[in-house]
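Lettering follows sequence order; numbering is per chain, from 1.
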2 protein chains.
Amino acid sequence: MHAVLLQELKKHINLTAAEEELITASFRYKKVRKSQFLVQPPDIALYEHFVVSGCLMEYYLDDNGTQHTLIFAPEKWWTTDLHSFLKKEESRYYIEALEDTELLIITREALDNLLKEVPLLNNYFRILYQNAIMGLEERLLNVLSSKVEERYLRFLKKYPQLENRLPQYLIASYLGVTPEFFSRVKSRIHR
Amino acid sequence: MHAVLLQELKKHINLTAAEEELITASFRYKKVRKSQFLVQPPDIALYEHFVVSGCLMEYYLDDNGTQHTLIFAPEKWWTTDLHSFLKKEESRYYIEALEDTELLIITREALDNLLKEVPLLNNYFRILYQNAIMGLEERLLNVLSSKVEERYLRFLKKYPQLENRLPQYLIASYLGVTPEFFSRVKSRIHR
DNA sequence: AAAGGAACTTAACCTAGTTTAAGATGTTAT
DNA sequence: ATAACATCTTAAACTAGGTTAAGTTCCTTT
């Protein structure tokens, strides 16, 4: 179970056996069913979540009740409401399981400790955050400069494993359009 | 000159005199005139830039020649084309001076060394990146869920010092609308 | 197997924002 | 001071995407 996490960390940093044990001891295992919430505003986001199997999504619910997907987190992705997790303030984003999902979770305190004991992990998280920034910048520019067709094609490249795992209205919410319009776009593409 | 940078770092981490010297020695001073480019695709982004005075902007030029502003970087902000800087690949974003600007710059190699010699700086950059992520998430949701009026009001909150320093067409490009439409929106607000 | 609900499609009508174009105002260089 | 250019405004015609609504298909639950 923790092996998947260690594998992922070792893609970017080297770890001693002792460090691996510290890490394993710091993350707790959690299993949730489809449709369960991991974070639900205004609760504080208590954990950083690493997905071992299954899929989570993080989204914002605007004043009209429209759902806007920030990210999908399938296997080996991390997610939390970063603002809430770091500052211990009320969360604004929902995190929900789209499938039965197995997770490794870590609290803020445990993470702070772990970073002190295994300083190299700072590097891992720096890289993780850098990648998140690059992804968000690209996504922002996509929304600002591309038509839905193109955004859809990029979604397919970014999440090839998800196309047939997610209902279309969730993909529409990720692309920033209504399910009705997305349906129109798809039929346009297939001709 | 470097004092502004050290002050900024000390908001989040403590530094010894020796560390301060290492930092000072790693950043070089650079002065550019209004309209000069710091990064121009496809050149590789050689530096991380810290703005001491003046203002930079980072933007993407799409296939139609439309300019999309990623961020403005006035005093005490950092900016670079992160992807290009980290991976030494061709840049995709322009960074241009909106005013005569004084900068402190650091190369990728110097930064890597500095992070080894002053490991606490990893914390500073982790925090910097975390803030960048939260800002980008908020901006993305804004574009997806808010009308231009509201986005404009948020721009004013985020960059109170910039409202009267920038031409309107740049603010329009940050908000993701044409200057023509932005003009209409402003006149609507002022009544 | 039937019933109820969720997800998807299609289509007619609506609206926020774009495009094009022209005129007005401001700025810079000579 | 004047030319030349950049910026800002207004308005008319247009388009991408939203809204509403009805019908269809697919899943669950019983």
Side-chain angles (χ1 to χ4, degrees), chain A residues 33-36 55 57 59-69 72 96-100 139-156 162-191, chain B residues 33-36 55 57 59 61-69 72 96-100 139-155 162-191:
Chain A
R33 288 281 180 78
K34 180 173 172 170
S35 301
Q36 256 186 266
C55 187
M57 76 181 298
Y59 63 88
Y60 173 68
L61 216 54
D62 74 17
D63 302 340
N64 308 318
T66 308
Q67 186 173 327
H68 300 279
T69 301
F72 296 115
E96 185 180 340
L98 299 179
E99 308 170 342
D100 294 354
R139 181 120 183 258
L140 178 62
L141 290 175
N142 261 244
V143 172
L144 291 176
S145 74
S146 303
K147 298 264 147 73
V148 179
E149 266 89 342
E150 203 181 322
R151 263 139 68 194
Y152 176 47
L153 298 175
R154 276 189 220 231
F155 160 84
L156 293 176
L162 293 185
E163 185 185 3
N164 297 309
R165 251 163 91 180
L166 301 182
Q168 287 193 16
Y169 71 96
L170 289 183
I171 298 177
S173 111
Y174 178 88
L175 299 177
V177 291
T178 58
E180 292 85 349
F181 188 65
F182 181 52
S183 173
R184 208 148 85 193
V185 167
K186 275 194 64 172
S187 82
R188 231 152 51 190
I189 287 174
H190 291 118
R191 258 179 280 122
Chain B
R33 290 280 182 77
K34 182 175 171 169
S35 300
Q36 257 186 265
C55 187
M57 77 182 294
Y59 63 87
L61 216 54
D62 73 19
D63 301 340
N64 308 318
T66 308
Q67 186 173 326
H68 300 278
T69 301
F72 296 116
E96 185 180 341
L98 299 180
E99 308 170 343
D100 294 356
R139 179 120 185 258
L140 178 62
L141 290 176
N142 261 244
V143 172
L144 291 176
S145 73
S146 305
K147 299 264 147 70
V148 178
E149 267 88 343
E150 204 181 320
R151 263 140 66 195
Y152 176 47
L153 297 175
R154 276 189 220 232
F155 161 82
L162 292 185
E163 186 185 5
N164 297 308
R165 253 162 88 180
L166 301 182
Q168 287 194 17
Y169 71 95
L170 289 182
I171 298 177
S173 111
Y174 178 88
L175 299 178
V177 291
T178 58
E180 292 84 352
F181 188 64
F182 180 52
S183 172
R184 207 150 84 193
V185 167
K186 274 194 65 170
S187 80
R188 230 152 53 190
I189 287 175
H190 291 117
R191 260 180 280 124

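Protein atom CD of B:Gln168 is 12 Å distant from nucleotide atom C1' of C:dT25, rounded to whole Å. As rounded to whole Å, 12 Å separates atom P of C:dT18 from atom CG of B:Asp62. A:Glu163 places its CD atom 13 Å from the P atom of C:dC8, with the value rounded to the nearest Å. Computed from coordinates, the B:His190 NE2 to D:dT9 P distance equals 10 Å when rounded to whole Å. Look at NZ on A:Lys186: it is 11 Å from P on C:dT10, rounded to the nearest Å. The interatomic distance linking A:Tyr169 (OH) with C:dT9 (P) rounds to 14 Å, in whole Å. Residue B:Asn164 contributes atom CG, which lies 17 Å from atom P of D:dT7 at whole-angstrom precision.
Listed here is the closest heavy atom pair of A:Arg154 and A:Ser146: NH2-OG, 4.2 Å.
Among residues two or more places apart in sequence or in another chain, the side chain to side chain contact (heavy atoms under 4.5 Å, CB included) test is passed with B:Asn64 by B:Asp62, B:Thr66. Remark: A:Phe181 engages A:Val148, A:Val177, A:Thr178, A:Arg184, A:Val185, A:Arg188 in a side chain to side chain contact (heavy atoms under 4.5 Å, CB included) (not counting sequence neighbours). Listed by chain and number, the residues in a salt bridge (charged side-chain N to carboxylate O under 4.0 Å, His left out) with B:Arg33 amount to none (sequence neighbours excluded). By the side chain to side chain donor-acceptor pair (under 3.5 Å) test, B:Ser173 pairs with B:Thr69, sequence neighbours left out. A search for ring-ring contact (aromatic ring centres under 6.0 Å, His included) contacts involving B:Phe182 returns B:Tyr152, not counting sequence neighbours. The side chain to side chain contact (heavy atoms under 4.5 Å, CB included) check on A:Leu153 picks up A:Leu156, with sequence neighbours excluded.
A rotation axis mapping the C1' atoms of four pairs onto the next four is fitted at both ends of the helix from C:dA1-D:dT30 to C:dT30-D:dA1 over five pairs, and the angle between these axes is 50° to 10 degrees.
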(request) Indicate for each nucleotide in nucleotides 13-30 of chain D, in 5' to 3' sequence, whether protein heavy atoms under 4.0 Å reach the base (B), only the sugar-phosphate (S), or nothing (-). (result) ---SBBBBB---------

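For residues 163-172 of chain A, the salt bridge (Lys or Arg N to Asp or Glu O under 4.0 Å) pairs, not counting sequence neighbours, are A:Glu75-A:Arg165, A:Glu99-A:Arg165.
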